[in-house]
Number of protein chains: 2
Amino acid sequence: MPPPQDRNISASFAKGLAVLEAFDGDAARMTLAELARRTGQDRATARRGAMTLLAAGYLRQEGRDFVLTHKVLGLAGGFLQANQFGRLVQPVLNHHAGQMQTEITLAVRDNNRVMLLAQSTLVHGPVSYGFTAGSSLPLLHTSLGRMLLAAVEPDEAEQILRHSPCVRHTAQSLSHLPDILAEVDRARDTGLSITNGEFEPGITGFATLVGGPGAKALVVGSSAPEAGLSKTRSAQICASLQQCAADLRQAGVLSAI
Amino acid sequence: MPPPQDRNISASFAKGLAVLEAFDGDAARMTLAELARRTGQDRATARRGAMTLLAAGYLRQEGRDFVLTHKVLGLAGGFLQANQFGRLVQPVLNHHAGQMQTEITLAVRDNNRVMLLAQSTLVHGPVSYGFTAGSSLPLLHTSLGRMLLAAVEPDEAEQILRHSPCVRHTAQSLSHLPDILAEVDRARDTGLSITNGEFEPGITGFATLVGGPGAKALVVGSSAPEAGLSKTRSAQICASLQQCAADLRQAGVLSAI
DNA sequence: GACAAATGTGCGTATTGCGCACACAATATC
DNA sequence: GATATTGTGTGCGCAATACGCACATTTGTC
């Protein structure tokens, strides 16, 4: 017999949120049947959730497919505006990105994924990898992810790792948990995480900690093509990231989480 | 007697969404009592909505205040990723922002407000005005807003205007509806909207249409300080915006709405 | 045309959520 | 410190809401 429901929680609202969350970067458009499967809900329940979101403007319909609309950006805008990301965070990222001539990204851990919170806009840089604020990246094979794991206690980091999907993105992707843990430990010790082509082929990723307690840690990261990456250049990027982290702390970004 | 409810809509879910939407840039943090007032709901109803959002991770609690979390960015990320904003839109905005040496913004109309969808901000530019993707701007006194109104039929534009708040942001803000309508008509005729210090003092705004049917039109805009803005420079910005719009159409941005 | 997959909807059921009221807590003001 | 105001937590009766199932229909694919 299921426990009596928590009277503080609206189960219908929670089911509806699950329908909204089913739409992500991997599942951009879904039929009702797919939506029911993905949420584990009865088709009629999922349908009511989808029709409510349709009426509210968060979904639109293309034939049989439901498609997420830009209205979700308005929700995100509330958070970004409230925390003055445009005035405090973006200029710092842009400034350092300009100096380093690379993109810079601010990220946080979201369960066992990396969530990008903000990203510099760079005029003359290498080709964009297509990520934006709100993008979700893997935890295990990115420098951002490793740095976020380095921000939590070792045994908790191991727990998180054990419950995270370990997908080999490239031939270089580490696949043994002890190897990944060793890299996380190294990031914890040095304050820097560097990955070589483990998520995107031929791309070196860098990340350092901005601050914040374990589960709510913020990190900044950058990336550069491996080819033509000298030790001097690498050290320069690391130093700039650490300066960027200091400037972000100064700007008060840690109070946003 | 109220009409029987639409069986396709979950009223509890809709109420919950209204609680989530109550958190915006102007109301970053709210007590339960404030939330009930803002949503017009009974305090117990608003409380259940807030507690459900708390459990789902969209709100956190600071004393008596509920605060929006970054989790809403994940929802936005689904839309941005699905429409490849990072790969198709951002590079175009960045390219033209670099060439023009101004910020560029992509926007859509959201009821009687302007919603920013994407933006390229400049490394060495005038002080950032603090807006980001998801930010909401007024419709009546921005070049983006005027251009969005120009995209709909004149009588519909007038209806929207009549139902929009007419706040005087600066001494230069037009306040007579016929004057604003005339500016909208001019934007419709010329394909460009230019405003002088009506929303931010001393700032000239430019906007042009990217495309899309009336209610779903997309526009791009830019801004520059009025001081030191020559006719040549003005014309240059307008031409670049129009080229940017053409490149965005080419990149397929219109299918995102 | 056959088959699979998806959809719309009616309906019985009971659970869920609503809203009110009461008591208590926290904060603000004097 | 007292008082007033505002905010909060929660129990509870009630009825309406939402669930989930089943059936018929539609759409898509081969």
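Every heavy atom of this structure was used, including side-chain atoms; hydrogens, water molecules and symmetry mates were not. Note that the coordinates shown come from a computational prediction; the quantities given were computed from them, not determined experimentally. Protein chains get the first letters and strands the later ones, always in sequence-line order, with residue 1 at the start of each.
Here the options are B/Thr142, B/Leu209, B/Val219, B/Ile160, the test is side chain to side chain contact (heavy atoms under 4.5 Å, CB included), and the partner is B/Leu148; only B/Val219 passes.
Relative to the side chain of A/Arg47, the nucleotides C/dG8, D/dC19, D/dG13 differ in distance, and C/dG8 lies closest. When the nucleotides D/dG9, C/dT16, D/dT17 are ranked by their closest atom to the side chain of B/Arg43, D/dG9 comes out on top. The listed nucleotides are D/dG20, C/dC18, D/dA18; the one nearest the side chain of A/Asp42 is D/dG20. Side-chain proximity of A/Ser12 to the nucleotides C/dC20, D/dC19, D/dG7 is greatest for D/dC19. Distances were taken from every side-chain heavy atom of A/Ala33 (C-beta onward) to each of D/dT10, C/dA6, D/dG20; the shortest belongs to C/dA6. Residue A/Ala11 has its side chain nearest to C/dG17 when only C/dG17, D/dG9, C/dT7 are considered.
Residues A/Arg37 and A/Phe13 each lie close to DNA chain C; by heavy-atom proximity, the contact nearer the 5' end of the strand is made by A/Arg37. Residue whose closest nucleotide on DNA chain C sits further toward the 5' end, between A/Ala44 and A/Arg64: A/Arg64.
No hydrogens or angles considered: nothing links the side chains of B/Asp155 and B/Gln159 as a donor-acceptor pair under 3.5 Å.
Taking atom CE of A/Met51 as the reference point, atom C1' of C/dT9 lies 12 Å away to the nearest angstrom. One interatomic measurement links the two molecules: CZ of B/Phe66 to C1' of D/dG7, which rounds to 12 Å at whole-angstrom precision. For the pair B/Leu54 CG and D/dT8 P, the interatomic distance rounds to 13 Å; values are reported in whole Å. The separation between A/Arg48 atom CZ and C/dT7 atom P is 15 Å, rounded to whole Å. The separation between B/Glu62 atom CD and C/dA26 atom C1' is 18 Å, rounded to whole Å. Atom CG of B/Leu32 and atom P of C/dA25 are 17 Å apart (whole Å). Going from atom CZ of B/Arg7 over to atom P of C/dG10 covers 10 Å, rounded to whole Å. At whole-Å resolution of the value, CG in B/Leu35 and P in D/dT8 are 10 Å apart.
Under a 4.0 Å N-O distance rule, the pair B/Lys15/B/Asp42 does not qualify as a salt bridge.
Looking at A/Arg168, its side chain does come within 3.5 Å of a backbone N or O of A/Ala171 through a donor-acceptor pair.
Residues satisfying the side-chain contact (heavy atoms from CB on, under 4.5 Å) test with A/Gln250, not counting sequence neighbours, are none.
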